[in-house]
Amino acid sequence: MKTIAFIGLGNMGGPMAKNLLKAGWSVNAFDLSAPALADVVSAGARAAVSARAAATDVDVVLSMLPAGQHVEAVMLGDEGLFAHLPEGTLVLDASTIDAMTARKLHAAAREAQIAFMDSPVSGGVAAAQAGTLAFMCGGAVDAFLRAKEVLSAMGDENKIFHAGSEGAGQVAKAANNMLLAIHMIGTCEALAIGAANGLDPAVQSEIMKASSGNNWSLQVYNPWPGVMPGTPAENDYVPGFMVDLMVKDLGLAAELARQSEVDAEFGEKARTIYQALQKRGFGRSDFSVVLKSVLNSLD
Ligand code: NAD
């Protein structure tokens, strides 16, 4: 049986670790949060007292942490894992972090002869639970081929992509989520114009799905209450994917656009709109709640 150290067992990491257990992996788990750790231990994981203890005698290390500074804290520095892992260990960071930090981690891993791969996910909590996440990986091809075995225990085999070289996974993720924010806002605006002019949002959604406005928000995540069962819109915008996380991802995209001298005006506008939602107290609502700001009905 192969052993994996799993660091960060929150909303995403918890169900991902449980799917690894189901697939027959032995999981050494560590999280700063005792309840998060207890939850995966009840499913069969072994609790570790530190990230370093979790990563002792393992085949793979996987981190699923909030942001770049958390991943850096766990991996780098004298107490970080890179200084202590045996050469050749495969380390996967599935967190969504900035591409600069990802590249810094790759450089440190190369120095320590560790096979590192940035491997952020798409799909959210429901896909983490169902084991159908998409992974977008950045790093060397041989590390990617080794990573596939472990990633396919948590994701859809057909959605495990080698995005390119170091940091490419994080670039793909930030660009994707910027586009997601833009088409969600556009979908809300289109539906709002239709409804204000007497169209039934369900009928209009079917029309747009069969027409050139078709997109993922319409297909599986309709923001209009009463149109699509099972969406956050049907449950008072309980997430799903939180506005706070969308603001974080739009910040990563904005920084990439700035560094790359790309004029991402719509991405920037989407960031402003989501930041305004955050300021109005909707940070922990699902990102499709942006319909309320389009309809001027935030109160
Ligand atoms: P979360 O806040 O629920 O979980 C993060 C966990 O990391 C927490 O349990 C926290 O205690 C733990 N942690 C923080 N610092 C730590 C440290 N130094 N050592 C050990 N544990 C530590 O976040 P989440 O929703 O699980 O998201 C994790 C990552 O996945 C983020 O980068 C997020 O952007 C990304 N992501 C989230 C979603 C989503 O829908 N939630 C979707 C795609 C990607």
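Computed from a prediction, not measured in an experiment: that's the story for all the values here. In each ligand, atom 1 is the first atom listed, and ligand 1 is the first ligand listed.
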*Under the salt bridge (charged side-chain N to carboxylate O under 4.0 Å, His left out) rule, collect the residues that match up with Asp299, sequence neighbours excluded.*
Arg280
*What atoms of ligand 1 come within less than 4.0 Å of a heavy atom belonging to Phe30?*
19 (N), 20 (C)
_Proximity winner for atom 19 (N) of ligand 1, if only heavy atoms of Asn11, Leu252, Leu32, Leu9 are counted_ = Leu32
*Check each heavy atom of Val74 against ligand 1 and say whether those closer than 4.0 Å belong to the side chain, the backbone, both or neither.*
side chain
*Nearest-neighbour protein heavy atom for atom 8 (C) of ligand 1, which is reported as residue plus atom name and distance*: Asp31 OD2, 3.5 Å
*Is it the case that more than 12 heavy atoms not belonging to Lys209 sit under 6.0 Å from its NZ atom?*
yes
*atom 4 (O) of ligand 1: the protein heavy-atom neighbour that sits closest, reported with distance to 0.1 Å*: Gly10 CA, 3.3 Å
_Quick check on contacts: which atoms of ligand 1 are under 4.0 angstrom from a heavy atom of Ser33?_
11 (O)
*What protein heavy atom sits nearest atom 30 (O) of ligand 1, and how far off is it?*
Met64 CE, 3.1 Å
*Go through Glu157 and Lys148 one step at a time and tell me if the salt bridge (Lys or Arg N to Asp or Glu O under 4.0 Å) criterion holds.*
CA-CA 8 Å; Glu157 239 171 290; Lys148 269 187 130 175; over 6 Å; no
*Please collect all salt bridge (Lys or Arg N to Asp or Glu O under 4.0 Å) contacts where either partner lies in residues 182-197, sequence neighbours excluded, each pair once.*
none
*Could you find the nearest protein heavy atom to atom 28 (C) of ligand 1 and give me its residue, atom name and distance?*
Leu65 O, 3.8 Å
*Between His183 and Trp216, what is the ring plane arrangement, given parallel below 30°, perpendicular above 60°, and tilted in between?*
tilted
*Out of Met16, Met75, Met12, Lys173, indicate the one that has the non-hydrogen atom closest to atom 27 (O) of ligand 1.*
Met12
*At a non-hydrogen distance cut-off of under 4.0 Å, which region of Gln69 contacts ligand 1 (side chain, backbone, both, or neither)?*
neither
_Would you say CE of Met100 has more than 12 non-hydrogen atoms from neighbouring residues, nucleotides or ligands within 6.0 angstrom?_
no
_Close approach of Pro66 to ligand 1, heavy atoms, under 4.0 angstrom_ = yes
*asked:* Within ligand 1, which atoms have a heavy atom of Lys248 less than 4.0 Å away?
replied: 31 (C), 32 (O), 33 (C), 34 (O)
_Contact between ligand 1 and Met242 is defined here as a heavy atom of the residue under 4.0 Å from a ligand atom; is it met?_
no
_Closest protein heavy atom (residue, atom, distance) for atom 36 (N) of ligand 1_ = Thr96 OG1, 4.0 Å
*Kindly determine whether Arg46 and Val41 satisfy side-chain contact (heavy atoms from CB on, under 4.5 Å), including the steps that lead there.*
CA-CA 6 Å; Arg46 235 186 339 253; Val41 168; over 6 Å; no
*Could you state the interatomic distance from CG (Leu218) to CG (Leu191), rounded to the nearest 0.5 Å?*
6.0 Å
_Interfacing atoms of ligand 1 (cut-off 4.0 Å, heavy-atom, Ser95)_ = 32 (O)
*For the pair Asp118 and Lys173, evaluate salt bridge (Lys or Arg N to Asp or Glu O under 4.0 Å) and give the outcome as yes or no after the intermediate values.*
CA-CA 10 Å; Asp118 53 297; Lys173 169 75 185 172; over 6 Å; no
_Suppose we call two aromatic rings close when their centres sit under 6.0 Å apart. Are Phe135 and Phe144 close by that rule?_
no
_Protein non-hydrogen atoms only, distance under 4.0 Å: does atom 23 (O) of ligand 1 have such a neighbour?_
no
*Give a yes or no on this: more than 12 heavy atoms of other residues, nucleotides or ligands lie within 6.0 Å of atom NZ of Lys248.*
yes
_Out of all atoms in ligand 1, which are within 4.0 Å of some heavy atom of Gly124? Include the element for each._
40 (O), 42 (C)
